[in-house]
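Only one structure is covered here, and it is reproduced in the block below.
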Amino acid sequence: MKEKLRVRIVNMDSGWIIEKFQNKLFEELCKIGVEADIAPERDEKADINHYPVYYFTDSKRTVHEHDTYMITHIDCLSKVELLRERAKNCGMGICMSKQMLNYLSSMGIPREKICYINPAHDHVIKPRKFVIGITHRLYQDSRKRNDIVVDIAKRFDRDYYKFVIMGAGWDTIVQEITNCGVEVDYYNEFNYDKYVQLVPTFDFFLYTGWDEGNMGYLDALAAGVETVVTPQGFHLDAKGGLTYPCETIDDFVKTFNKIAEKKRDRVLSVADWTWENFAKKHVEVWEYLLGRKTIAELSANKGYYLDGIFSVLPKEI
């Protein structure tokens, strides 16, 4: 068995974001079994000395072919020139994006001396749920098609929506919606002042009834709120007012799921940009520099991401 990888993170900057990068990298390296520490000077006995910044300037500082450094904010030619000097002695410069890697390569930085690893985020921020507003009371007859709201709640992506309902008579349906795991703010009495405040906070105004139209639809349009309503009555006469005309339960569900899909795609675009993966990608690059793993071993995650070791190895591998 190989000895543990030993990494010294050379603390060269007290700025908050660079410090966060080095601290998060250190924490995750320790979790995955790397012998890591943070100190102001390089460790001659470490396998890798990693600099969270590229602009260390101590002329007496010894550098090595296995030293790595993060590259960020290259915004003038003097910084490019500094990186050319770094490339002569250090092992690998690690950019934050493919664009920067390509730019530096075009400026003459040897391609084998640079790679990129996308940054991570803390995964504590969650998407704000879309607010679906309903602003009418219920009646004993079926003119409002009230039960459709429950059917929608059962079938749409509940992680991306909440209801705000104002109007008497919704108590049972609100309980059913809540039982589906959907968040509901319910006002069981009409209050005009509160109503005027609420309507502009809606993302979508919902109306499922088939009874010529709903007056709340007019107020929603006046507030610039998108509408998911039945195409009937005076709904049709407000030109451009029908954002998403729906007639059946499937229409409503498909509409809301399609809207949620766009936000979900944005969330998923950085879902695997974790600090754990950030650290693991660094380890793969370091193991490549040290020759601790074969190309086959380093290629084990091929197809899951394009940065890290896959910005080092030839694409055909």
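Please read these numbers as outputs of a predicted model, since none were measured by experiment.
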Give a yes or no on this: more than 12 heavy atoms of other residues, nucleotides or ligands lie within 6.0 Å of atom CG of Leu306. no

Residue pairs meeting ring-ring contact (aromatic ring centres under 6.0 Å, His included), one or both in residues 77-105, sequence neighbours left out, come to none

Query raised in the report: With a 4.5 Å limit on heavy-atom distance, are the side chains of Leu83 and Tyr69 in contact?
Result: yes

Worksheet entry | Side chain Asp47, main chain Arg6, donor-acceptor under 3.5 Å | yes

For residues 21-34, the salt bridge (Lys or Arg N to Asp or Glu O under 4.0 Å) pairs (sequence neighbours left out) are Glu28-Lys31

Separation between CG (Asp185) and CG (Leu198), nearest 0.5 Å, reads 8.5 Å

| field | Short side-chain to backbone donor-acceptor contact, Thr230 and Gly209, under 3.5 Å | value | yes

Parallel, tilted or perpendicular: which one describes the rings of Phe278 and Phe21, with boundaries at 30° and 60°?
perpendicular

Side chains of Glu284 and Asn301: does their closest heavy-atom pair fall under 4.5 Å? yes

- Query: So, His121 side chain and Val270 main chain: donor-acceptor pair closer than 3.5 Å or not?
  - Reply: yes

The residue among Tyr244, Phe130, Tyr161 that forms ring pair (Phe, Tyr, Trp, His ring centres under 6.0 Å) with Phe256 is Tyr161

- May I ask you to establish whether Arg264 and Tyr160 are in a cation-pi arrangement, using a distance under 6.0 Å from NZ or CZ to the six-membered ring centre and at most 45° from the ring axis? yes

In short, Gln22 meets Ile9 closest at the heavy-atom pair O-CD1, 3.7 Å

